[in-house]
Amino acid sequence: MNYRPSTPGTLGAMIFDNRFTRELPGDPETRNTRRQVLGACYSRVKPTPVAAPRLVAHSPEAAQLLDLSEKTCTSSHFAQVFAGNRLLTGMDPYATCYGGHQFGQWAGQLGDGRAINLGEVINQRAERWVLQLKGAGPTPYARTADGLAVLRSSIREFLCSEAMFHLGVPTTRALSLVLTGEQVERDMFYDGHPRREPGAVVCRLAPSFTRFGSFQIFAARGETEVLRQLLDFTIRTDFAHLGAPSPAVYLQWFDEVCRRTAELMVHWMRVGFVHGVMNTDNMSVLGLTIDYGPYGWLEDYDLDWTPNTTDAASRRYRFGHQPQVALWNLAQLANAIYPLIEQTEPLERTLAGYQGRYQQGWQTMMARKLGLKAFVAGRDEALVDGLLSILPLVETDMTIFFRQLARLAVNNPENADAADDEALMAPLMSAYYRPEQLTAATRGRIAGWLRAYTRRVGQDGTPDEVRRRRMNAVNPTYVLRNYLAQLAIDKAEQGEFAMVADLLAVLRRPYDEQPGQEAFAEKRPDWARHRPGCSMLSCSS
Ligand code: AMP
Ligand code: MG
């Protein structure tokens with residue numbers, strides 16, 4: 001550790017304690033050439049300096065994690081550091097080695113191709129935060145790509161990381177978004193139409209960026225000792241509560257990764273988030289949402305929706321399939337750590353428990369979304385199944401539906417039984433994209449479910465006001481709608497960054513009605529239905 005007397009709140013006051021590079025085997029080669037890196041967890045590599053760093057946005061809450069003041073964040077020194085132009089004393093930049101299954105196929109070595117970890121900061125609360133630049137130039141793991149990132153994908157990563165945090169979804173964080181002043185060429189839909197786009201760098205924060213694929217690469221190569229070192233390190237650093245590493249603790253660790261992953265899936269299903277590229281290299285062992293690429297937010301409730309054009313054919317990563325894919329990915333992680341345990345049975349038992357855990361978490365979450373006191377097994381399955389059968393009947397905005405359902409007055413169930421379908425459905429009408437699709441039969445089914453719901457809430461005896469408060473605490477009104485992110489990108493590409501700041505401000509309080517900000521809570525306008533960036537995204541970023 002290096003203790004230096006520095007003004008509190010400044011970059012110079014940050015204390016670095018770089019355990020990853022200190023305790024794990026590194027690559028002896030220090031030239032920045034693309035290659036297979038054997039027997040090492042990381043390679044030291046410096047960010048590539050850029051022409052003209054300019055801060056576009058920063059997250060005050062993320063800055064607090066590093067004890068940085070607002071004044072520090074808006075200084076030109078800050079932009080230089082988080083563009084990768086200047087290294088602070090104590091930083092020790094490196095890129096990590098990992099592999100992964102991409103779309104179900106083993107892809108071999110991947111690694112941080114354009115991510116460079118600057119070091120680990122210990123904040124005043126003794127928390128450890130790894131600082132990572134994304135888009136700061138190529139590393140030994142860059143393969144055939146350029147190591148850079150463009151403004152559009154950087155805005156998406158920056159805003160969504162912070163939006164997820166404020167929604168209460170486990171995620172890596174985003175400290176800053178800096179324009180590099182350089183242009184980057186991208187063929188957005190890989191169809192022979194490259195264009196030059198503004199380059200940008202995002203600084204991400206996480207206690208650790210270790211992925212399932214970080215373990216897979218050493219298992220695939222038979223590098224069991226490095227595998228053991230990485231797992232022991234991970235347990236000591238991020239799972240210290242499990243105790244000293246041993247085969248029994250490895251199993252407990254795997255159990256905890258399964259639990260955290262199941263919880264993460266429940267959160268994604270709760271808020272309507274579709275990751276888009278759930279490759280094993282994009283799965284955090286801490287159960288964090290990581291690597292915001294062609295993700296999307298569910299608009300109409302469609303379990304089969306995927307935002308990723310690369311996945312359009314097989315829809316492996318579609319909304320409703322995410323919990324299953326997570327389990328498949330966990331099975332790959334189990335295979336990877338097997339050489340350290342050498343017993344299949346306990347690993348299989350843990351994997352077998354995932355389904356039940358997820359199911360239970362999902363039911364509890366659905367009960368909360370509906371404002372029930374608890375999910376009553378044997379009784380509430382029918383209510384939830386009924387809901388899932390009415391949501392896809394016509395195009396229904398998931399976010400607005402749950403928010404508006406809270407407005408339904410249910411305190412007098414007899415009234416609900418008497419009310420005609422139209423009156424009962426009135427609060428929900430703003431959730432429908434095409435109200436003309438609501439035939440009498442469809443209205444009848446929806447109203448039928450609303451009556452069942454009303455009776456169920458009546459059994460709990462919860463006053464409407466209490467139920468509304470409960471529901472509004474888990475059903476957001478503001479999410480980073482795909483078209484809103486795209487509008488902010490369109491403006492930013494014209495040099496106007498106000499909308500990035502406006503969105504960040506609104507998304508800091510996603511559960512609160514914010515007078516004057518209603519436009520950000522509306523359903524997708526029709527022009528955005530098929531527009532690239534709004535409904536279709538690619539991995540090109
Ligand atoms: P992703 O699909 O974005 O998770 O990336 C898969 C792999 O490709 C990772 O190893 C990334 O670091 C790498 N990668 C993606 N984009 C670039 C880029 N522009 N330059 C270098 N490596 C990249
Ligand atoms: Mg990735």
Side-chain angles (χ1 to χ4, degrees), residues 32-37 41-43 45-48 50 84 93-117 132-154 156-158 160-161 171-172 174 180 182-188 190 194-202 204 206 208-217 220 274-286 288-296 306-311 316-317 325 329 332 537-541:
N32 191 359
T33 56
R34 293 143 203 250
R35 58 187 186 269
Q36 292 291 309
V37 174
C41 294
Y42 65 90
S43 306
V45 58
K46 293 206 165 50
T48 305
V50 297
Y94 62 97
T96 71
C97 182
Y98 56 79
H101 279 87
Q102 297 185 314
F103 299 94
Q105 306 294 323
W106 175 244
Q109 178 181 298
L110 297 166
D112 293 326
R114 55 167 167 178
I116 296 180
N117 303 280
Q132 184 183 84
L133 301 183
K134 185 166 173 180
T139 74
Y141 308 94
R143 296 180 294 156
T144 57
D146 57 12
L148 304 175
V150 293
L151 180 61
R152 79 183 136 78
S153 62
S154 304
R156 285 170 50 82
E157 170 127 27
F158 175 81
C160 203
S161 306
T171 179
T172 60
T180 61
E182 297 180 1
Q183 299 285 303
V184 175
E185 193 172 277
R186 285 287 181 273
D187 185 358
M188 187 156 49
Y190 308 111
R195 69 171 179 128
R196 283 164 69 77
E197 303 185 44
V201 176
V202 168
R204 310 197 284 193
S208 151
F209 289 94
T210 299
R211 301 138 190 274
F212 291 9
S214 309
F215 296 95
Q216 286 184 280
I217 188 72
V274 190
H275 183 285
V277 213
M278 288 178 69
N279 293 333
T280 56
D281 52 305
N282 290 338
M283 298 289 294
S284 147
V285 294
L286 295 181
L288 306 174
T289 313
I290 189 171
D291 280 10
Y292 292 89
Y295 68 81
T306 174
N308 183 357
T309 49
T310 316
D311 190 32
R316 179 180 177 86
Y317 300 142
V325 171
N329 290 342
Q332 308 315 310
L537 291 134
S538 77
C539 290
S540 160
S541 59

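Atoms within each ligand, like the ligands themselves, are counted from 1 in listed order. Everything numeric here is computed off the predicted structure, so don't read it as measured data.
Residues S208 and L286 are in side-chain contact: their nearest non-hydrogen atoms beyond the backbone lie under 4.5 Å apart. The shortest side-chain heavy-atom distance between P294 and T310 does not fall under the 4.5 Å cut-off. Annotation: side chain of V277 is not in contact with side chain of Y295 (no heavy-atom distance under 4.5 Å). Side-chain contact between V274 and Y317 is absent, with no heavy atoms from C-beta onward closer than 4.5 Å.
Contacts of F209 classified as ring-ring contact (aromatic ring centres under 6.0 Å, His included), with partners at least two apart in sequence or in another chain: none. Judged as a ring-ring contact (aromatic ring centres under 6.0 Å, His included), and not counting sequence neighbours, Y190 has no contacts.
The only member of T48, D146, V45 that meets side chain to side chain contact (heavy atoms under 4.5 Å, CB included) when paired with P138 is T48.
Protein-derived N/O/S atoms nearer than 2.8 Å to the Mg ion (ligand 2) total 2, waters excluded.
The protein residues lying under 4.0 angstrom from ligand 1, judged by non-hydrogen atoms, are Y98, Q102, L110, G111, D112, G113, R114, A142, R143, A145, D146, G147, L148, R186, D281, N282, D291.
A donor-acceptor contact closer than 3.5 angstrom links the side chains of T96 and D112. Side-chain atoms of S43 and Y141 include a donor-acceptor pair closer than 3.5 Å.
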